[in-house]
Amino acid sequence: MARRRNRIQPRETRLDAVGAFIGDVASLAAEYARDEPPPPRIRTFSEAEPDDLSVALELLGRFRDLGLVVHGPRGCAAVPVHGPARLAVTDLDQQDTVLGSGEALAETVRRLDATARPAAIAVLGTPVVAINNDDIQATVGDLCEELGKPVVWVQTNALTSRIAATGADAAALALVHLANPEDAAGDLGLLNLLVPAASPEVDDLVSGIEAQGWKVNLLSETGTVADLARAATAAASLVLDPDTLEPLAAALEDRRGVPQLPVALPVGHAATAALYQTLADIAGTTPVIPLTPARTGAEALAGRRIAIALAPGWALALAQLVEDLGGEVVLLSVPHIDRRHAGALAGLAARRAAAQIHVGAAQGFEHENLLRRLAPDLVLGDPAAGAHALRLGIPAAAVVPERLIGPGAVERLDDLVRDALAGSTLALRAARGRQSPYSPGWLRRSPDWHVKREVK
Amino acid sequence: MSRALIGPAGGCALHGAILTALAIDGVVPLVHSTPGCALRAGLSLRGPGRATTAPAALPPLPSTNLAERHVVFGGTSRLREQIKNTLAVVPGRLLTVLTGCPTEMIGDDVTAMVKEVTTQGEAVIDIATAGFHGTARHGAESFMTALANWVGKLDPRRRGTEAGLVNLFGIVPRVDPGWLGNLEEIERLLAGVGLKVNPLIGPSGGFESLQALPSAEASLVLSPWGLGPARTLSERFGIPVVQAAGLPVGADAVRQVLDLLSEVLGRPIDEAGQKFLDVEQRLEDFVLNESLESLVGIGRRRFALAGGSLVAGPVARFLGDVLGWSSAAILVTDDPPEQSFGPLSAGLDRVRFLSDAAAIAEAVRASEADVVIGGSAERDLAEQLRLPFVEVFPPSALGTLSEGHAGARGARRLVAAILRTFDPEGIGATITTRPVLERGNETRLATVDGVPAPPRRIGR
């Protein structure tokens, strides 16, 4: 059993994740309501997708003193991280793919340790070494003893899962090995706060949590290996980056007994106040609730048809907020969806059954087709989705999850929407004279033309 | 054999091929590999934290995104399906199937799949671009060579030449810093002496430019990464190859390259061309004249410079030949082939070829330079060493928007970058002192006449 728990299960297996779907929200919600997992779907035309390796590298790269070794050809390490001097690659060539490369890995780990002096080292697998069947685990085990510091294997390979977020699971399993408290006692007043990135709103939230009598161990883009060790001594974890950091919180709960707080994302005054109330109740203190913001409604959203393109946890949270504020969600574009999202999906389906959902990572053709058909008033989402929208003449605002945290979320969203609509000249200019890079004939066909049920 | 590479930059052969294909209007790349391989080509265009979305700056990038079962049972049927659908969905004039490491390892018969569609009259070629073949620049060269071969097969009989048309090779799009700015400046400079660049990449390139390759009178090669296609065209069509010692930085370097071209073409630069070059020279003279006071204040520097083979040597030559600075270390970081070491080092001292970030850092540390010149990686290093830093190579994310350093205009930008570092408040305003490196935690300043000044940190 213990061995089994050490293997990474693809999100498709573990959480019935779906990476290809285009249709209405109600249909997908109904698929998750059944006992069976949703039927697997594939694409017969696809554009370059991300993989688990990129996601894992990005997540691990947030820990600034963690050395990263990618075991594969040099291009597998082409993911920008803060502090590139702590990133190394075995730079395999064609001969290595035939003869194997275990010693190359050991040499690279030693060299990175000597040059960057990281607190620990994570070794990431690639499809090349997966095909070669290189034994990373054995090499990593030997190096741990030799270097006298943790060296962990990150089980990425870009092959076993079509859901890139599986890389977050692989990274979490490696990180939890580093979350080793040694002999440190548990700290009943310590809360792990797992956030996507730093922001003034995150700072305010930390202050708010501390006001309820807690200390905060912030695990963000500036985390360290010591923060991870400290995380294992905490009383609880609160996850504000559900799609990437929830697996780490789950691993901390599973392996180190640090429970996750089952609370909604603190987006807006009511949700933030509820969080503070919960934390105060646990701490046995009198809750300190933030003042109600001057603006509690987002007039700019009222009656607007909105498309949202974000990671699924935040996309669904934002969709609920948009609907609460009088907007109409017409399209939700997410890289994947899984059983953890089923509740929120069902909630959205109950309010807006005909809203379309596009499940696909980096599938520009499908996304453009849907935006053309639905012609939303505004796209809210990541900057890449925003750029695509502008090219179609649709105003767009970049939504960064860490800026929507806290009691002022409604005001900030309202400001974002107003600014995007007021600055719509950029959309007009970007769309002027633009020719789609896709064939007009194919853009007239159904957007799910190339999404098929997989026949086994 | 593999090697431990610290701080790998620039991606792999597949990435170079992808970025080159995406820079030629009408050429559509199709990547036959596992997920992630293709998308990572674009990630260097961004900073950290956005690894899961396709960069909006890039055109569509079709990919087979192979699953495990394709690796086990073969991915050719998936490729067949993807080729057919890509031809339908993404309009283009040439589809290029680029293989990644997994598909070359499992031995998918990509050529057979491509043949299926070419026999139906479609323009499709396959190119072996697995990442393990080398660097992004290597992949870009392989890609260009394959295109030159394809054009040669397509139109084996040269139908004559277009007077003054010059193919341009050796600038790698979205990999070389300031690639577009440099390209445009080379076009302008050649136009000034009555020549026309056939650039292939960028807004003025495209499929027509690809078709025009055999019509050129010469191929101008600005880095070792352009030799492959130029030699292919030379062998097939007898088009002479003019190999420059890198990007011409400064008016003198421009004149040298254009004189060489004119000699090969057998046409002296006419009076209008000479006048144009005189104006370029006067621009550089003017800039230097305006900056002399600052340059005197800054003093003769001993520089450590790191950059790719397109620009490292040329910038170093300008610093040495024009400003009179001396090189403590010139580090060529893009892994050029060994045969090119000689030409790239010609006339330069202390040139080394290193692509490993730790080795580069050690070389700069050991060089006893008093200023570091390079890109963002060298900025961090300069900060660690507490040395002044001149940023001349912008990060990849800004590479397309940056102007580059070709010609007298490029030299002007180079001088401006130096002045921004040493004399940011205006000519002579702050450089009555000159920084002198001390081995320790602080840098001590001394005035020009040698009177010591209080310690001050240099850099940020």
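Every chain is numbered from 1, with letters handed out A, B, ... down the list of sequences.
- Top candidate by heavy-atom pairs under 4.5 Å with chain A, chosen from B/His70, B/Glu104, B/Lys84, B/Arg78, is B/Arg78.
- Each of A/Val128, A/Ile131, A/Thr126 was compared with B/Cys101 under the side-chain contact (heavy atoms from CB on, under 4.5 Å) criterion, and only A/Val128 meets it.
- Distance check, rounded to the nearest 0.5 Å: CZ of A/Phe45 to CG of B/Leu30 gives 8.0 Å.
- Contact annotation for residues 54-64 of chain A against chain B (heavy-atom separation below 4.5 Å, listed by residue number): A/Ser54, A/Val55, A/Glu58.
- Contact check on A/Arg43 versus B/Glu81 returns no salt bridge, with no Lys/Arg side-chain nitrogen under 4.0 Å from an Asp/Glu carboxylate oxygen.
- In plain terms, the two heavy atoms of A/Ala78 and B/Gly11 that are nearest each other are CB-CA, 4.0 Å.
- Contacts of B/Thr135 with chain A are made by both backbone and side-chain atoms, with heavy-atom separations under 4.5 Å.
- Neither the backbone nor the side chain of A/Pro335 comes within less than 4.5 Å of any heavy atom of chain B.
- The minimum heavy-atom distance between A/Pro437 and B/Pro91, with the atom names listed, is O-CD, 3.1 Å.
- Between B/Gln82 and A/Ser46, the closest heavy-atom pair is NE2-O, 2.8 Å.
- One finds a salt bridge joining A/Arg74 and B/Asp335 here, because a Lys/Arg side-chain nitrogen approaches an Asp/Glu carboxylate oxygen to under 4.0 Å.
- What you find for A/Ala77 and B/Pro8 is that their closest heavy atoms are CB-CG, 3.7 Å.
- Looking at A/Val89, both its backbone and its side chain come within 4.5 Å of chain B, counting heavy atoms on both sides.
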Would you please test B/Met105 and A/Val98 for side-chain contact (heavy atoms from CB on, under 4.5 Å) and show each step? CA-CA 8 Å; B/Met105 286 173 74; A/Val98 179; over 6 Å; no
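- Between A/His450 and B/Val89, some side-chain heavy-atom pair lies under the 4.5 Å cut-off.
- Contacts of B/Val71 with chain A are made by side-chain atoms alone, with heavy-atom separations under 4.5 Å and no backbone atom involved.
- In terms of heavy-atom pairs under 4.5 angstrom with chain A, the leader among B/Leu14, B/Ile18, B/Leu43, B/Val72 is B/Leu43.
- Contact check on B/Arg40 versus A/Asp51 returns a salt bridge, with a Lys/Arg side-chain nitrogen under 4.0 Å from an Asp/Glu carboxylate oxygen.
- With a 4.5 Å cut-off on non-hydrogen atoms, B/Ala361 does not touch chain A at all.
- Nearest approach of B/Val90 to A/Tyr438, heavy atoms of both residues: CG2-CD2, 4.3 Å.
- Counting all heavy atoms, side chain and backbone alike, A/Arg111 lies closest to B/Ala358 at NH2-CB, 3.7 Å.
- Residue A/Glu47 holds its CD atom at 8.5 Å from OG1 of B/Thr86, rounded to the nearest 0.5 Å.
- Using a 4.5 Å heavy-atom threshold, the side chains of A/Pro127 and B/Pro102 count as touching.
- Atom CG of B/Asp25 sits in a sparse spot, with 12 or fewer heavy atoms from other residues, nucleotides or ligands closer than 6.0 Å.
- By number of non-hydrogen pairs under 4.5 angstrom with chain A, the leading residue of B/Ala54, B/Gly42, B/Ala88 is B/Ala88.
- Proximity to chain B is limited to the side chain of A/Phe365, based on heavy atoms less than 4.5 angstrom apart.
- Using a 4.5 Å cut-off between heavy atoms, B/Pro59 does not touch chain A at all.
- Of the listed residues (A/Ala116, A/Ala384, A/Ala197, A/Ala387), the one with the most heavy-atom contacts under 4.5 Å to chain B is A/Ala384.
- Residue contact with chain A, scored on non-hydrogen atoms closer than 4.5 Å, involves the backbone of B/Ala9 exclusively.
- Highest contact tally toward chain B, considering only A/Leu87, A/Leu68, A/Ile42, A/Val79, is held by A/Leu87 [criterion: heavy-atom pairs under 4.5 Å].
- Of the listed residues B/Gly139, B/Gly131, B/Ala67, B/Ala357, the one with more heavy-atom pairs under 4.5 angstrom with chain A than any other is B/Ala67.
- Neither the backbone nor the side chain of B/Pro55 comes within contact range of chain A; no heavy atoms are under 4.5 Å apart.
- For the pair A/Arg86 (side chain) and B/Ile6 (backbone), a donor-acceptor distance under 3.5 Å is absent.
- Between A/Asp96 atom CG and B/Phe132 atom CZ the span is 10.0 Å, to the nearest 0.5 Å.
- Interface residue A/Pro80: backbone and side-chain heavy atoms are both found under 4.5 Å from chain B.
- Atom CD of A/Glu49 is separated from atom CG of B/Asn65 by 4.0 Å, given to the nearest 0.5 angstrom.
- Interface remark: of the candidates A/His388, A/Glu107, A/Arg162, A/Arg162 forms the most heavy-atom pairs closer than 4.5 Å to chain B.
- With contacts defined as side-chain heavy-atom distances shorter than 4.5 Å, the pair A/Thr90/B/Arg3 does not qualify.
- In this structure, CG in A/Leu92 is found 12.0 Å from SG in B/Cys12, a value given to the nearest 0.5 Å.
- Here the side chain of B/Asn85 pairs a donor or acceptor atom with the backbone of A/Thr44 at under 3.5 angstrom.
- Considering CG of B/Asp356 and OG1 of A/Thr115, their distance stands at 7.5 Å, rounded to 0.5 Å.
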